[in-house]
Chemist: 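Dumping the structure here so I can ask a few things about it.
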Amino acid sequence: MRNRGFTIVELLIVIVVIGILSSISVVSYNGVQANARDTARKSDVTAIAKALQLYGGRYGPMTVGSGCGSGGNGNGWFNYEYSPSSMMRCLKDKGTVTSDIIDPSGTKNCGSGDLKCYTYMKYSCTLSGQPTTYVYANLETVAHTTTDTDGTCASTIDTLYGMNFFVKFEE
C-alpha cells in the first residue's frame, strides 16, 4: 500500500479558498460594525432629544443666557469634550443625563468641510411660530446628499459636516 499525501496544487487551492472566505468575512464584519455604530448614533440622538426636553421642562430651553450651550446660544456641537461650557456638561450638571453621550467613533470635534464628522449637533429655531429643536448625527451607512437637512434649523450642515440624520422636537 502506498501512502499518499496532498499535492502542491491541492494545498494551493485550499489556501486560496480559505483566503477568499476570510476576506468575505472581514468585509461583512466591517459592515456589521458600521451598522452597529449607526444604531448607537440613532439611540444617542433620541436620548439627547429626550434629555433636552427634560431640561427644557425644568429650566427652559437652552438659549442665550441659559449658561448652557456652545457659543452661548444653545446651538452647535453637542459633545462633552468639545468645550468647557458645552451642552453635555450642562445636562450632566443639571442631572438630565447621568453619563457622557459621545459618538461611538470617539470623535471629539470636527471642522468645516469635514464630511466624515461623527459627533452630534443641536440647533433650535422658530418654525411656524413654534420653538423647534433638531439634534443631528452623521450615519455611516446612509448615502449623503445635499438636501439631507433642508427644511431644518441648520440646512447647510449636510454639506459642511455630512450630517444626514436628525430628530426633531418642539420645546
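Keep in mind it's a predicted model, so treat the numbers as computed, not measured. These values consider heavy atoms only, across backbone and side chains, with no hydrogens, waters or symmetry-generated copies.
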Chemist: Could you check if a side-chain atom of Arg58 sits within less than 4.5 angstrom of a side-chain atom of Thr96, using non-hydrogen atoms only?
Modeler: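 Answer yes - side chains close enough.
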Chemist: Which is it for Met121 and Met163 under the side chain to side chain contact (heavy atoms under 4.5 Å, CB included) test, yes or no, and what are the steps along the way?
Modeler: CA-CA 9 Å; Met121 296 182 88; Met163 301 297 176; 3.7 Å; yes
Chemist: For the residue pair Phe166 and Tyr134, is the inter-centroid distance of their aromatic rings smaller than 6.0 Å?
Modeler: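 Between Tyr134 and Phe166, which both carry aromatic rings, the centre distance is below 6.0 Å.
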Chemist: Does His144 reach the side chain of Asn138, with side-chain heavy atoms less than 4.5 Å apart?
Modeler: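 His144 vs Asn138: side chains touch.
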Chemist: Less than 4.5 Å apart, side chain to side chain, heavy atoms only: is that true for Asp44 and Pro104?
Modeler: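 Side chain of Asp44 against side chain of Pro104, heavy atoms only: contact under 4.5 Å found.
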Chemist: Please find the pair of heavy atoms, one from Thr149 and one from Thr156, that lie closest to each other, and give the distance.
Modeler: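 For Thr149 and Thr156, the tightest heavy-atom pair comes out as OG1-N, 4.1 Å.
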Chemist: Hey, does Thr132 have a side-chain heavy atom less than 4.5 Å from the side chain of Phe169?
Modeler: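 No. Closest side-chain heavy atoms not under 4.5 Å.
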Chemist: Can you check whether Thr98 reaches Lys92 side chain to side chain, under 4.5 Å on heavy atoms?
Modeler: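 They are not in contact (no side-chain heavy atoms under 4.5 Å apart), so the answer is no.
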Chemist: Between the side chain of Ser23 and the main-chain N/O of Ile20, is any donor-acceptor distance below 3.5 Å?
Modeler: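 A pair under 3.5 Å: yes.
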Chemist: How long is the gap from CG on Asp148 to CG on Asn164, to the nearest 0.5 Å?
Modeler: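 Here the rounded value is 5.0 Å.
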Chemist: Report yes or no: do Leu54 and Tyr59 belong to one cluster of Ile/Leu/Val/Met/Phe/Trp/Tyr joined by side chain heavy-atom distances under 4.5 Å?
Modeler: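 Result: no, two separate clusters.
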Chemist: Let me confirm one number: the CZ-CG distance from Phe6 to Leu12, rounded to the nearest 0.5 Å.
Modeler: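 The CG atom of Leu12 is 13.0 Å from CZ of Phe6, to the nearest 0.5 Å.
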Chemist: Same cluster or not: are Val142 and Phe165 linked, directly or through other Ile, Leu, Val, Met, Phe, Trp or Tyr residues, by side-chain heavy atoms under 4.5 angstrom apart?
Modeler: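 Yes, it is one cluster - the side chains of Val142 and Phe165 are joined through contacts under 4.5 Å.
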Chemist: Which heavy atom in Val135 sits nearest to a heavy atom in Val45, and how many Å separate them?
Modeler: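 That closest heavy-atom pairing would be O-CG1, 3.5 Å.
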Chemist: Would you find a donor on one side and an acceptor on the other, under 3.5 Å apart, between the side chain of Thr159 and the backbone of Thr146?
Modeler: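 Flag not set: sc Thr159 to bb Thr146 has no pair under 3.5 Å.
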Chemist: Taking atom CD1 of Ile8 as the centre, does the number of heavy atoms from other residues, nucleotides or ligands within less than 6.0 Å exceed 12?
Modeler: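 No, because the 6.0 Å sphere around CD1 of Ile8 holds 12 heavy atoms or fewer from other groups.
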Chemist: Taking the cut-offs as 6.0 angstrom to the six-membered ring centre and 45 degrees off its axis, would you call Lys122 and Tyr136 a cation-pi pair?
Modeler: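 The answer is no; the distance or angle limit is not met.
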Chemist: Dump the intermediate steps for side chain to side chain contact (heavy atoms under 4.5 Å, CB included) on Thr133 and Tyr123, then the final yes or no.
Modeler: CA-CA 6 Å; Thr133 298; Tyr123 278 89; over 6 Å; no
Chemist: Are the side chains of Leu11 and Thr7 in touch, meaning some heavy atoms are under 4.5 Å apart?
Modeler: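 Sidechains of Thr7 and Leu11: no contact.
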Chemist: Per the disulfide (SG to SG under 2.5 Å) rule, what does the pair list look like for residues 140-169, sequence neighbours excluded?
Modeler: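 Applying disulfide (SG to SG under 2.5 Å) to every pair that reaches into residues 140-169, excluding sequence neighbours, yields Cys125-Cys153.
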Chemist: Given the rule in the side chain to side chain contact (heavy atoms under 4.5 Å, CB included) test, do Ile48 and Val167 qualify, once you have shown the distances and angles that lead to the verdict?
Modeler: CA-CA 9 Å; Ile48 290 169; Val167 170; over 6 Å; no
Chemist: Taking the side chain from Ser43 and the backbone from Thr39, do they hold a donor-acceptor pair closer than 3.5 Å?
Modeler: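 Answer holds: no.
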Chemist: With rounding to the nearest 0.5 angstrom, report the CD1 to OG1 distance, Ile102 to Thr119.
Modeler: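 Ile102 CD1 to Thr119 OG1: 8.0 Å, rounded to 0.5 Å.
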Chemist: With salt bridge (charged side-chain N to carboxylate O under 4.0 Å, His left out) as the rule and sequence neighbours excluded, what pairs involving residues 18-40 come up?
Modeler: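 Found Arg37-Glu140, Asp38-Arg41.
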Chemist: Looking at Gly151, is its backbone amide N or carbonyl O close enough to the side chain of Ser155 to form a donor-acceptor pair, meaning the two atoms are under 3.5 Å apart?
Modeler: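 Side chain of Ser155 to backbone of Gly151, a donor-acceptor pair under 3.5 Å: no, none is there.
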